[in-house]
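Take a look at the structure below.
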2 protein chains.
Amino acid sequence: MEIVSSLLDLRTARLSLDGTVGLVPTMGYLHEGHLSLVERAKAENRRVLVSIFVNPSQFGPSEDLSKYPRDLERDLSLLRPLGVDLVWTPTAEIMYPPGYQTWVEVEALSKGLEGAMRPGHFRGVGTVVAKLFNATQPDKAYFGQKDAQQVAVIRRMATDLNFPLEVIVCPTHREADGLAMSSRNVYLNVDERRAAVVLFRALSAAKELHEAGERDAERLRARMKETLAGEPLAQAQYVSCADYDSLEELDTVTGKALLSLAVYFGKTRLIDNFVLG
Amino acid sequence: MEIVSSLLDLRTARLSLDGTVGLVPTMGYLHEGHLSLVERAKAENRRVLVSIFVNPSQFGPSEDLSKYPRDLERDLSLLRPLGVDLVWTPTAEIMYPPGYQTWVEVEALSKGLEGAMRPGHFRGVGTVVAKLFNATQPDKAYFGQKDAQQVAVIRRMATDLNFPLEVIVCPTHREADGLAMSSRNVYLNVDERRAAVVLFRALSAAKELHEAGERDAERLRARMKETLAGEPLAQAQYVSCADYDSLEELDTVTGKALLSLAVYFGKTRLIDNFVLG
């Protein structure tokens, strides 16, 4: 497993990779969700490239960039047994050198949900992923469904900008009690960790309602809110029942839809989602 | 010489091109300037790909998109003798299908000069060039110095977004009297065509002043304005003496600088530039 940082070393190492290449872009502090992406990439490509980069441009000024968890040695030790060929660990100076001024924006899909709560977030995501795609030239790139809007934005960008690659979306990995795996889960104290399962419970309750035939999106949102309200440590930021493709809020669920929510536990903000239909 | 329109046909044809590929992106209605780019691309690459696409997203609502000159048969007959391998002629529907919403913006470099006169122009340029780069995967891409700010924006974008290719800038081709070649020159009537040489004369006058030792940028701009004022058919829109890299207006010329101007003749708008130093 080769580990490179500079663009020049990356270019050289990339040129030496023969056959198809699967890219797994990460911000490090890897968990089983990331590792399942790596395993899928390994199964579908001759070579696997993992990038580890905590991208400053997708964090707002009041967000957790500086305290975002990092442990490169641990990450590398998790990747080695999986047969990863190349790990790219650029610095912020490599990705955004002085004079940097180019931004990629996916307009409509970036406006609601996470985009409404985190202005500029998806501009940072779109930009860094365009850079990762160009720098690593993968045949396929792997992302987790956990970040549903991110996945929608990246798929749209890849199509709109004619990137010659396939974006693969993999299911959300969950802890035994249903909590979606996230590097941010380490922020939770014991009580918050116990309470955090309420995201899964809220989504499950709305999904049950949908399976029982409910098509009024407001009732599905209300069911999620009620469930969240039953957990004193949870402070809901938004709950949504949106069209799966456009991410616009629905009145009535007719086709494929996305249930999603963002919830604070103290200062820790968690998101999760289910796809309906 | 293969000619394709759809993305699928382009992808297939591109995969069949062996060796290095030079891309010459054009809006068609080719003149000797374009052909010199093709010749340079042919000399430096095993294969040459020319795109012909009048990109709607770089025209403002009051600009000349609908009347921009087009003659595909003539263009193809000019390219055939030059040994071009592949011509891509996408439609607006192929490049911007329903739901299209991704834009590439190079911020600081897009603000002044042409960007100030043509809001959104360089967002359209950056976006379409990113799409052309991804769709055609060239080793080198060729642009004319005639569009100096466009070249600055594209070079910055290619570096910032880590495109794995080289942007090559070629000298401006001129008519015998000095008028820079442009597809828009066909808009000029006989009197305007005669008058249009004033752009070259204004740039030459300022360059002479610079060669004589003048370093006050305002005096260089004034010399261009005086020259333009001597031509009754010319209506100057801007004259500029800017830093070559940042494109910011200069007080004093110390290093490499860009003299540039935009001038109306009736409804026809022409631009030109000289590099100093």
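All values below come from the heavy atoms of this structure, side chains included, with hydrogens, waters and symmetry mates left out. So you know, we letter chains A, B, ... as the sequences are listed, proteins then strands, and number each from 1.
There is no contact between B:Arg14 and chain A, counting heavy-atom distances below 4.5 Å. With a 4.5 Å cut-off on non-hydrogen atoms, B:Leu109 touches chain A through its backbone and its side chain both.
Under the rule for a side chain to side chain donor-acceptor pair (under 3.5 Å), B:Thr136 has no partner lying at least two apart in sequence or in another chain.
More than 12 heavy atoms of other residues, nucleotides or ligands shown are found within 6.0 angstrom of CD on A:Glu249. By the neighbour-count criterion of 12 heavy atoms within 6.0 Å, atom CD of A:Glu218 is densely surrounded, having more than that number from other residues, nucleotides or ligands. Other residues, nucleotides and ligands contribute more than 12 heavy atoms inside 6.0 Å of the CZ atom of A:Arg40. Within 6.0 Å of CG in B:Asp18 there are more than 12 heavy atoms belonging to other residues, nucleotides or ligands.
Across B:Val104, B:Val153, B:Leu165, B:Thr159, the residue that shares the most heavy-atom pairs under 4.5 angstrom with chain A is B:Val104. For chain B, the option among A:Ala108, A:Ser110, A:Ser246 with the highest count of heavy-atom pairs below 4.5 Å is A:Ala108.
Minimum heavy-atom separation, A:Pro164 to B:Gln137: CG-NE2, 3.2 Å.
Looking only at side-chain heavy atoms (C-beta outward), A:Thr102 and B:Glu107 stay at 4.5 Å or farther from each other. Residues B:Leu161 and A:Thr127 meet the side-chain proximity criterion, which asks for heavy atoms closer than 4.5 Å.
For the atom pair CG of A:Asp160 and CH2 of B:Trp103, the computed distance is 8.5 Å after rounding to the nearest 0.5 Å. The CE atom of B:Met157 lies 12.0 Å from the CD atom of A:Gln101; values are rounded to the nearest 0.5 Å.
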